[in-house]
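To start, the structure under review is shown below, and the notes come after it.
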Amino acid sequence: MSDKSGGFNEIIKRSIYIAKSRIEHEGEYVQISEEAYKRAQNILRYAFKVPDSWADTRQLLLTMIPKMEMAGYRNGWIQYLEEGLKISRAQEDTFSLSELSVAIGYLELVQANFQSAEKWFTHAQQGFSKIGDDRGHGKVLNRLARLRLDQEEYKASVAFAQSALSLLGNADVERANSHYVIGSVYRIEGKLAEAESHYRTSLRIWEDANDQRRIAWGLGNLGIVFLLQEEYNAAVSHFTQALEQFEHVHDPANEAQIMNSLAAAYLHMKSLDETDQLLIQAQKIFIRLKDDLGVARTSHNLGLYYFEKGRWAFASESYEQCLILWAKLGLTSSLCNTLDSLGKVYLAQNNFIQAMKTLQHGMETLASISDHPRYARLKESLTIHLRKAKEGMGEQSN
């Protein structure tokens, strides 16, 4: 019996080695092939039943994690990571337990499942601290920073990123993610010079590491700063360079984000010829990936596009879809921004009663986030549009 068991274990070990080698052979930035994915899935189902093969099995899992995340595999892949977690826990493999927890947390984060993501990141943080792994601890602090950024909790976001920097070595590529988060908070606060500085630091780190995927991210980040500075040609140039990177890097979620940003630049330039196709293509990707945050962002920009084209019904529909998602995600400032835009649609149609209801709702909701960096700008815009709605109603009654 033991001979048979030993022979089976060797078969599993050899199969894992072949599967891992094939995935690595496909290249770092190439989409994992369906054949390689199916082979690995099949092998993992057997390998999980052989505890003695865990040392090899975990290597296959860890090799697959970046490829699967980059390709946009989420819910179906999480079950394999959770199975690995069970074995890690049984074998008291705290390092693997922590790494797999980070991976699951990140997949939950990009689906905007914020509570679940925080739970997994907290598990990982505890594990890395337990084994004294400063790099792992710093990495998970950056993920928590990104989580708080997406939740619009900016002070906590910066605090996590700064804590991560204190743990990470000076040459650690992971430091780029800390600078990305800090730069993003500066951008949201309107401190664009500081934002650009941190974004350039993160891009430089990724360039030094020759990380083609993240170089595209860095170009996109700088593009947003240029967009906010109304340097539209520079913004378009950076977004276009990023999209050129994605011709060689399979990263649909981030490619869709860049498409959305490029469309936003075209909207500001009143260059609408390609805008709708960029947004529709990006939205299709986000819907396929179940990325509610991405869908909401593209829906809002589609609303702006339809507004510019005078297609009021389509604009209203896009904004209404957006409002549902902002409420689901708990992102109040974004919800108020979309209410303001929807109010403008009603104003354009001289539907002053509906405009007043929508804009008043925006003002009342905005009052709950008076400490938000966007509060003053949003209040000013809502106030102007609400005044126009009241004036319009007055004129209609005369």
Side-chain angles (χ1 to χ4, degrees), residues 223-224 227-228 230 232-233 235-236 239-240 243 255-329 331 333-363 365-366 374 377-378 380-393 395-396:
I224 294 173
L227 176 59
L228 294 173
E230 299 183 2
Y232 299 129
N233 289 332
V236 168
F239 294 142
T240 302
L243 288 176
E255 183 177 11
Q257 288 186 37
I258 300 296
M259 289 177 185
N260 186 47
S261 296
L262 179 57
Y266 286 148
L267 280 167
H268 281 84
M269 298 168 74
K270 308 299 182 183
S271 177
L272 306 180
D273 290 346
E274 300 177 47
T275 304
D276 59 335
Q277 290 307 307
L278 281 167
L279 291 172
I280 290 168
Q281 188 177 353
Q283 191 173 69
K284 284 180 179 177
I285 294 171
F286 287 133
I287 290 172
R288 176 170 60 82
L289 297 177
K290 296 181 173 62
D291 186 331
D292 285 346
L293 193 57
V295 173
R297 287 168 175 164
T298 51
S299 292
H300 183 86
N301 281 342
L302 275 168
L304 294 174
Y305 167 79
Y306 290 129
F307 182 87
E308 291 293 333
K309 300 291 283 188
R311 300 170 69 180
W312 313 127
F314 285 100
S316 295
E317 183 181 350
S318 294
Y319 288 140
E320 291 288 358
Q321 179 186 22
C322 213
L323 290 172
I324 293 169
L325 290 171
W326 293 139
K328 175 185 175 183
L329 297 170
L331 302 181
S333 76
S334 297
L335 186 142
C336 291
N337 186 45
T338 299
L339 284 169
D340 187 35
S341 295
L342 180 58
K344 286 177 62 180
V345 175
Y346 293 130
L347 284 174
Q349 299 174 86
N350 294 328
N351 186 346
F352 300 117
I353 293 176
Q354 196 62 39
M356 274 195 65
K357 288 180 180 178
T358 302
L359 295 164
Q360 189 63 49
H361 178 39
M363 290 289 285
T365 306
L366 185 65
R374 299 171 71 188
R377 183 186 67 78
L378 286 168
E380 180 183 12
S381 185
L382 283 162
T383 300
I384 291 171
H385 295 141
L386 187 57
R387 185 184 305 124
K388 289 182 178 179
K390 291 178 179 177
E391 290 171 354
M393 283 188 66
E395 291 173 2
Q396 280 186 344

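- Atom CD of Glu317 has 12 or fewer heavy atoms from other residues, nucleotides or ligands within 6.0 Å.
- Within the 4.5 Å cutoff, side-chain heavy atoms of Val236 are placed close to those of Tyr266.
- Taking 4.5 Å as the limit, every side-chain heavy atom of Trp326 sits out of range of all side-chain heavy atoms of Asp292.
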### Message
Before you tell me yes or no, could you show the steps for Leu262 and Glu274 under side chain to side chain contact (heavy atoms under 4.5 Å, CB included), namely the whole-Å CA-CA distance, both residues' side-chain angles and the distance that decides it to 0.1 Å?
### Response
CA-CA 10 Å; Leu262 179 57; Glu274 300 177 47; over 6 Å; no

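- Around CD1 of Ile384, the count of heavy atoms belonging to other residues, nucleotides or ligands within 6.0 Å exceeds 12.
- Annotation: side chain of Arg374 is in contact with side chain of Ser334 (closest heavy-atom distance under 4.5 Å).
- Between Tyr319 and Leu339, every side-chain heavy-atom pair lies at or beyond the 4.5 Å cut-off.
- Aromatic ring centroids of Phe307 and Trp312 lie under 6.0 Å apart.
- Residue Phe314 places its CZ atom among 12 or fewer non-hydrogen atoms of other residues, nucleotides or ligands, all under 6.0 Å distant.
- Residues Tyr306 and Leu302 form a side-chain contact, since some pair of their non-hydrogen atoms from C-beta on lies under 4.5 Å apart.
- For the pair Lys270/Glu308, a side-chain contact is recorded, criterion being any heavy-atom separation below 4.5 Å from C-beta on.
- Contact of the Gln281 side chain with the Gln277 side chain is not registered, since no non-hydrogen atoms from C-beta on lie closer than 4.5 Å.
- A 4.5 Å side-chain heavy-atom check between Asn301 and Leu278 finds every atom pair outside the cut-off.
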